[in-house]
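The block underneath contains the structure these notes are about, expressed in structure tokens.
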Amino acid sequence: MAPYSREYDIKRNDIANAGTVASLTKRALKNLGLTGEFIKQVTIGVYEAEINVVIHSYGGQAHVTIDNDFVEIIFEDKGPGIANIEQALTAGFSTASSYAIENGFGAGMGLPNIQAVSDEMDLQSSEDGTYLRIKFYIEEDDYASA
Amino acid sequence: MHLRNLTEIPEFTLLTSITNPDQELHGLFASDLLSHVMGNAHEGDILITVLSNINVLGVASLLDLSAVVFTHNADVPEAVLRKATELGIALFRTKLPTAETVILLHNKGV
């Protein structure tokens, strides 16, 4: 199978379209016959990361790769960066704006949720931007039996 | 209990049409924080919330939730109703507070 590869722009504060990357990735995984449980894990991770770019950054991109034995998504944004990564990974810690909170976000659960569902997570951040790579390994039993 | 049975509950008003009336209802999830919904709700759950913005539908659709019940008589924007119709998500509204809605549905066997 040729790797599936997609790139998406994610705009700052574009809450109405937040979830597009997650939704299209979910559809691609469904078409490959992966189980609902596997798809849910990836969908949660992608959605949370996508929301983070929308509500916390000046905008960025998502790169989605699906290969035979893994799904990898890289999010890169243009800043302002995460001041304290350790705090950001603490469940319940939030720096979300009131705009984000009014829209149901900002519970401080985004990164902890991503960490919980993914097999690998690499997070780097500076004032120039944040890089987040999340990877999910596809095992044989992640394919729904025909 | 099936999705169509929700239309028979006098306290509930159906705001959209129902595309899959025979869907079985297994569980409930109540929260106004979308990350909690995302991380903890299960496929087929009814979401009970006071949040009525477009992102609720994004989460409902990503998790394949069965329906959303807006409590406290929440205002539901026209754009949300249109999007729900497009996605085939059944939306209900009730004057009841969230906790009472959970109890009511629980007593009906959901």
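Reckoned from all heavy atoms, side chains included, excluding hydrogens, waters and symmetry mates. Residue numbers start from 1 in every chain, and the chains themselves are labelled A, B, ... in the order their sequence lines are given, proteins ahead of strands.
Grouping the Ile, Leu, Val, Met, Phe, Trp and Tyr side chains by contacts below 4.5 angstrom, directly or via other members, places B:F92 apart from B:V80. No path of Ile, Leu, Val, Met, Phe, Trp and Tyr side chains, each step under 4.5 Å between heavy atoms, connects B:I103 with B:L96, placing them in separate hydrophobic clusters. B:L91 and B:I46 fall into different hydrophobic clusters, where Ile, Leu, Val, Met, Phe, Trp and Tyr are joined by side-chain heavy atoms under 4.5 Å apart, directly or via other members. Tracing side-chain contacts under 4.5 Å through hydrophobic residues (I, L, V, M, F, W, Y), one never reaches B:L25 starting from B:I89; they form parts of separate clusters. Side-chain heavy atoms closer than 4.5 Å link hydrophobic residues (I, L, V, M, F, W, Y) into clusters, and following such links, possibly through other members, connects B:L81 to A:I15.
Atom NZ of A:K135 is surrounded by more than 12 heavy atoms from other residues, nucleotides or ligands within 6.0 Å. At most 12 non-hydrogen atoms from other residues, nucleotides or ligands lie less than 6.0 angstrom from CD of A:E86. More than 12 heavy atoms of other residues, nucleotides or ligands lie within 6.0 Å of CG in A:N31, so this atom counts as buried by the packing criterion.
One finds the CD atom of A:E37 at 8.0 Å from the NE2 atom of B:H42 (value rounded to the nearest 0.5 Å). In this structure, the separation between CG on B:L33 and OG on A:S94 is 9.5 Å, given to the nearest 0.5 Å.
Taking all atoms of both residues into account, the shortest heavy-atom contact from A:Y47 to B:N55 is OH-O, 3.9 Å.
Residue B:S52: no heavy atom, backbone or side chain, is found under 4.5 Å from chain A. Heavy atoms of A:Q41 lying under 4.5 Å from chain B are absent altogether. Using a 4.5 Å cut-off between heavy atoms, A:N113 touches chain B through its side chain atoms alone.
Looking at heavy atoms from C-beta onward, A:K40 lies in side-chain contact with B:L63 at the 4.5 angstrom threshold. When side chains are defined from C-beta on, B:D64 counts as touching A:K26, because their heavy atoms get closer than 4.5 Å. By the 4.5 Å heavy-atom criterion applied to side chains, B:M38 and A:E48 are counted as neighbours.
With chain B as partner, the option from A:I44, A:T43, A:N103 having the largest number of non-hydrogen pairs under 4.5 angstrom is A:N103. In terms of heavy-atom pairs under 4.5 angstrom with chain B, the leader among A:A107, A:G19, A:G108 is A:A107. Per-residue counts of heavy-atom pairs under 4.5 Å with chain A were compared for B:L62, B:I54, B:N53, B:L51; the largest is that of B:L62.
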